[in-house]
Amino acid sequence: MGHKIKSRLKKDGIYINNFVRNYFAAWTANLGVVPLFLLAAFLLAPAFFFFLNLLFVVTHVLETIRKLLSRNRYNGSLYNNFKPYFLPIKSPCVKGIVAIPCTCLFLFLPMAINAETIHKDIILARGQSTELSLSGMEKFNIGNRQVITYRLNEKSKKLLVRGVSLGHSEILVWNRDKSTETYQIFVISKIQEAKFLHLAEITSNLGLNTQILIPHIRVSGLLKKYSQYLDYKKILEQNKEAILDEVQLSVELKNKIFASVYSAFFEDYKESIRCSLDFSEISCFYPENEAPGEFLKKYLIEKYKINLVQQNNQQFKKNYSLKIKLIQLEQLDGEDLRLGLEQVSGSLGDFFKIPLDSIVQKNQVLLAQKKVRMSTLAEPQSLIRPLTPAEMQIGADIPFKNINTNNVQSTDWKFAGLKIKILLENYGENIKINYETELTQPSNDANGVTSIGGNKEKSSVIIPLKTAVKIFQLSLKTEGKSTDQMPFLNAIPLLGELFKSKSNQSNYKTITGIIEVCENDE
């Protein structure tokens with residue numbers, strides 16, 4: 001009876017041992033199969049090794065403390081009264097702490113190694129066969145039996161696989177050492193096989209590596225010469241659907257192509273160009289308002305095999321602060337005005353930062369010599385967005401008489417003064433200002449009929465932010481008549497005409513418009 005119980009316990013022990021071993025082997029094998037287990041192992045591995053290293057350090061410190069305590073007790077040290085009983089002072093206790101993790105590591109490491117999964121890819125043409133040597137096989141499973149057929153040699157443990165139809169199948173093999181092997185079988189046509197072999201050959205001649213990933217072929221490597229780059233781009237253009245491009249360009253080759261593209265744009269007076277590289281694909285982006293000509297586009301695409309992409313660079317969500325200052329210079333002696341703001345001491349930005357009285361005082365000698373008076377005509381400010389028209393008016397609507405063909409008089413109203421229309425565009429890092437000015441003034445003809453006339457100006461200018469620029473300058477000439485006569489004598493018919501004098505007066509003015517655009521931070 002005792003012998004039976006003993007044999008049963010032995011048998012149960014072997015069974016429990018095998019059960020535990022198989023359980024941990026299966027659980028460890030799942031680390032490479034189940035994504036959740038793989039993620040957990042990836043996240044917990046650094047913490048495990050960190051604390052393991054910390055444990056080694058602490059045990060070494062304990063070993064040192066144990067020796068010091070032992071020495072102090074035998075040598076009668078002053079620190080004999082200090083007895084930290086919570087620390088192990090016996091050598092086997094300290095070494096036991098080190099032995100525990102080491103034992104666990106050596107026990108579970110072979111299980112993890114034996115439970116590894118091997119993945120292999122096999123590509124077969126339809127009707128082609130291959131032989132798999134499965135010496136340690138315990139059992140296997142075929143995925144899609146319509147794609148491949150098989151024949152197993154039980155004695156030699158060799159599996160003969162033959163492709164019968166286009167598609168994909170999988171062979172999963174369990175070995176006696178608890179490891180698994182997975183074979184991915186891709187069956188392709190003869191035409192695909194010939195195409196892939198041809199692509200692999202010509203790309204390898206360029207020094208590139210290939211890998212077949214049905215239904216594509218992955219090409220990787222490094223191109224160093226411009227001629228190799230052109231040959232590869234030609235192959236890539238002819239086989240877009242088959243090639244997965246992972247080819248890199250060397251730094252020297254990339255810089256050479258980028259410099260050539262930038263130089264071509266700069267020579268065409270286009271500065272806002274930006275190129276980027278994605279594997280062997282070069283894409284160059286340019287703003288819509290700096291588009292190159294069709295001839296330049298065709299030249300760059302054919303010569304450097306790049307992609308030209310047009311972008312809308314208008315920052316519609318950004319507000320800009322627009323400042324305009326109209327400075328009037330008026331000649332006081334009736335002569336032609338020969339003084340401009342460029343002769344005034346200071347910069348154009350001073351007109352926005354310094355009061356005009358300070359600028360006049362600084363240039364009072366020059367203004368007195370030229371007999372010119374300087375004043376501010378208007379200083380409008382506005383918030384403006386890109387591609388949103390803005391209009392400013394300085395003046396008023398005035399009435400004037402109008403006579404039709406039937407000699408019927410009517411009164412009309414028309415604006416007299418200065419109109420400024422502005423349209424802002426983002427132009428690379430600068431701002432493009434499209435402006436239109438119209439200056440109108442009333443005048444009388446010989447019959448005393450009043451009319452409105454003037455001049456228009458339309459242009460554009462590119463300016464940096466926070467920089468004052470003169471965008472227009474308008475000149476005016478006004479004439480007036482005056483009569484001087486002696487008091488009391490004008491009532492005498494003959495004597496009054498004798499002492500009466502008439503004179504014409506002319507007045508010259510210039511109106512200069514200064515503009516400054518800043519980003520609105522509010």
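The structure presented is a predicted model; accordingly, all values stated were derived computationally and were not measured. For the numbers below, each heavy atom of this structure counts, side chains included, while hydrogens, waters and symmetry mates do not. Counting begins at 1 with the first residue of the sequence.
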Taking all heavy atoms of [X] and all of [Y], pick out the closest pair and write down the distance.
{"X": "I273", "Y": "C284", "answer": "CD1-CB, 3.8 Å"}
{"X": "I217", "Y": "L199", "answer": "CG2-CD1, 3.9 Å"}
{"X": "L230", "Y": "K303", "answer": "CD2-O, 3.7 Å"}
{"X": "Y229", "Y": "S280", "answer": "CE1-O, 3.9 Å"}
{"X": "N313", "Y": "E288", "answer": "OD1-N, 4.4 Å"}
{"X": "I394", "Y": "A378", "answer": "CD1-CB, 3.2 Å"}

Please examine the side chains of [Y] and [X], heavy atoms only from C-beta on, and report whether any two atoms are closer than 4.5 Å.
{"X": "Q369", "Y": "V365", "value": "yes"}
{"X": "R274", "Y": "Q311", "value": "yes"}
{"X": "I123", "Y": "F196", "value": "no"}
{"X": "Y286", "Y": "S272", "value": "no"}
{"X": "N426", "Y": "I431", "value": "yes"}
{"X": "T376", "Y": "F351", "value": "no"}
{"X": "L308", "Y": "I301", "value": "yes"}
{"X": "H168", "Y": "V147", "value": "no"}

Return yes if some donor-acceptor pair links the side-chain N/O of [X] with the main-chain N/O of [Y] below 3.5 Å, else return no.
{"X": "E290", "Y": "Y427", "value": "no"}
{"X": "T203", "Y": "L208", "value": "no"}
{"X": "D268", "Y": "A264", "value": "no"}
{"X": "S260", "Y": "F258", "value": "no"}
{"X": "N255", "Y": "E252", "value": "no"}

- Evaluate side chain to side chain contact (heavy atoms under 4.5 Å, CB included) for I282 paired with K305, printing each intermediate quantity in order. CA-CA 8 Å; I282 299 177; K305 309 300 180 183; over 6 Å; no

Going from [atom1] on [X] to [atom2] on [Y], what distance comes out if it is rounded to the nearest 0.5 angstrom?
{"X": "K270", "Y": "N289", "atom1": "NZ", "atom2": "CG", "answer": "10.0 Å"}
{"X": "I515", "Y": "L326", "atom1": "CD1", "atom2": "CG", "answer": "10.5 Å"}
{"X": "L322", "Y": "I422", "atom1": "CG", "atom2": "CD1", "answer": "4.5 Å"}
{"X": "I463", "Y": "I433", "atom1": "CD1", "atom2": "CD1", "answer": "4.5 Å"}
{"X": "R126", "Y": "L166", "atom1": "CZ", "atom2": "CG", "answer": "4.5 Å"}
{"X": "Q381", "Y": "K325", "atom1": "CD", "atom2": "NZ", "answer": "9.5 Å"}

- Inspect the contact between E330 and R373 and indicate whether a charged nitrogen and a carboxylate oxygen are less than 4.0 angstrom apart.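 Looking at R373 and E330, the cut-off is met.
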
- Item | E281 bridged to K233 by N-O distance under 4.0 Å |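 Salt bridge: yes.
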
- Not counting sequence neighbours, which residues clear side-chain contact (heavy atoms from CB on, under 4.5 Å) with E438? List them please.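 If we apply the side-chain contact (heavy atoms from CB on, under 4.5 Å) test to E438, skipping adjacent residues, the hits are K419, T440, K456.
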
- Message: Walk me through whether D278 and D245 qualify under side chain to side chain contact (heavy atoms under 4.5 Å, CB included).
- Response: CA-CA 9 Å; D278 184 15; D245 179 30; over 6 Å; no

- Task: Test side chain to side chain contact (heavy atoms under 4.5 Å, CB included) on M374 and N363 and set out the steps.
- Result: CA-CA 10 Å; M374 181 186 296; N363 296 272; 5.9 Å; no

Considering residues, nucleotides and ligands other than [X], do more than 12 of their heavy atoms fall under 6.0 Å from its [atom1]?
{"X": "K190", "atom1": "NZ", "result": "yes"}
{"X": "K297", "atom1": "NZ", "result": "yes"}
{"X": "H198", "atom1": "NE2", "result": "no"}

- Would you list the pairs meeting ring-ring contact (aromatic ring centres under 6.0 Å, His included) in which at least one residue belongs to residues 304-324, sequence neighbours left out?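 Listed by first then second residue: nothing to list.
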
- Can you name the side-chain hydrogen bond (donor to acceptor under 3.5 Å, both in side chains) partners of Q328, sequence neighbours left out?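 Partners of Q328 under the side-chain hydrogen bond (donor to acceptor under 3.5 Å, both in side chains) test: none.
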
- Item | Verdict with supporting geometry, H216 and I243, side chain to side chain contact (heavy atoms under 4.5 Å, CB included) | CA-CA 6 Å; H216 304 287; I243 293 180; over 6 Å; no

